[in-house]
Protein chains: 2
Amino acid sequence: MNDGMIFETMLNVTNQMYNNRGEAVVNKRPTPIKILQTRGNLILKAAFDGRSTVDYDGVVQGRMITFEAKSTIEETRFDLNMIARHQYDYLSRCDAQDAICFVLVFFIKRQSIYLIPYELLKEYWDAADAGGRKSIPLVDLERRAHKFGTAGRAPVDYLPHVKKIWFEG
Amino acid sequence: MNDGMIFETMLNVTNQMYNNRGEAVVNKRPTPIKILQTRGNLILKAAFDGRSTVDYDGVVQGRMITFEAKSTIEETRFDLNMIARHQYDYLSRCDAQDAICFVLVFFIKRQSIYLIPYELLKEYWDAADAGGRKSIPLVDLERRAHKFGTAGRAPVDYLPHVKKIWFEG
């Protein structure tokens, strides 16, 4: 398994735990595929379709939640080009509708996860568009993102942070 | 195009209009597919995967919205077996998280659409499970579902009904 798949598996287990406990309903969004040829239940020819959304979405206490999950081998920064522009645009549109929007970044070598709220992402994204740096430095993630480890009550226990930021903030 | 595809196309146009107007972000959820063999960007072998959700979801004013869309050639009833049990279960779980959950039914011969809130669906579903009738009669949809035509400001203009039921109700 590659690093991305490990994080995805950890997230899927986490979402299943939340679901079982009745805490949230969050699912991985399937990759859009254009089906070209089938035989019965088998697809013989298909192509990856343009992605218009991000990887995960669902509901927590009525609010829509949507996020993209990434792993990185970098140790000191999160490269903005790990998020595609159409994904950023999708987060923007959902944020404008008052959804809970963020990015989860797994720093593999540190075994640390940072929840980056859309607001913080937007700040760096706008700056990059204006010719500024193309990454968020770890030092700013430490200060302004929400850090947690993999040893919580779920492999990627992001929900307590979501509640703190969006429901108690 | 078959009837189901026509309704899907009408819904996709509607969602695009809502999106352009900044009124809601709702998308068709891709069909989950297990990819078995690829060559470059082409998928050579794949299979339909078990569905765990319903067809449409997104966000309106912060609230998660999720619904299944069906067309029927029946004129006097909506057959409950048009909704798979795992789809009903998914709506139940989202409803428990306070999402906006419903079914849209397009009665092709009448060119009428009914928005059936989860609550009404649940009532008939539970009754069917207890041995009762396996459909919702049109007469009860007329009374308790929310009916609209295809001549609104969008082909399937469900949003005004969502707002009336969930935001002003």
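Side chains are part of it too, since the values below use all heavy atoms of this structure and drop only hydrogens, waters and symmetry mates. Computed from a predicted structure; not experimentally measured. Proteins come first, then strands; the chains are lettered A, B, ... in the order of their sequence lines, and each starts at number 1.
Heavy-atom contacts from other residues, nucleotides or ligands closer than 6.0 Å to NZ of B/K34 number 12 or fewer. Residue A/E119 places its CD atom among 12 or fewer non-hydrogen atoms of other residues, nucleotides or ligands, all under 6.0 Å distant. Heavy-atom neighbours of B/R39 CZ from other residues, nucleotides or ligands within 6.0 Å: at or below the threshold of 12.
If you measure heavy-atom distances from A/I35 to chain B, the contacts under 4.5 Å come from the side chain alone. For A/E23, the part lying under 4.5 angstrom from a heavy atom of chain B is the backbone only. Residue B/D95: no heavy atom, backbone or side chain, is found under 4.5 Å from chain A.
Hydrophobic cluster membership differs between B/M17 and B/F7, with clusters built from Ile, Leu, Val, Met, Phe, Trp and Tyr side chains linked at under 4.5 angstrom. No path of Ile, Leu, Val, Met, Phe, Trp and Tyr side chains, each step under 4.5 Å between heavy atoms, connects B/I65 with B/V13, placing them in separate hydrophobic clusters. A/V139 and A/L121 fall into different hydrophobic clusters, where Ile, Leu, Val, Met, Phe, Trp and Tyr residues are linked whenever their side-chain heavy atoms come under 4.5 Å apart, directly or through other members. A/I6 and A/I113 fall within the same hydrophobic cluster, defined by Ile, Leu, Val, Met, Phe, Trp and Tyr side-chain heavy atoms under 4.5 Å apart, directly or through other members. If you chain together hydrophobic residues whose side chains sit under 4.5 Å apart, B/F167 and B/I165 fall into the same group.
The candidate from A/I43, A/V25, A/T66 with the greatest count of non-hydrogen atom pairs under 4.5 Å with chain B is A/I43. By number of non-hydrogen pairs under 4.5 angstrom with chain B, the leading residue of A/G22, A/A24, A/A96 is A/A24.
The shortest distance between side-chain heavy atoms of B/M64 and A/D57 does not fall below 4.5 Å.
The existence of a salt bridge linking B/D98 and A/R63 is excluded, since no basic side-chain nitrogen approaches an acidic carboxylate oxygen closer than 4.0 Å.
Between the B/Q97 side chain and the A/Q61 main chain, a donor and an acceptor come within less than 3.5 Å of each other.
Closest approach of B/N19 to A/R93, counting heavy atoms only: OD1-NH1, 2.7 Å. Across A/K28 and B/R29, no two heavy atoms sit closer than the pair O-NH2, 3.4 Å. Annotation for B/K45 and A/L42: closest pair CE-CD2, 4.4 Å, computed over non-hydrogen atoms.
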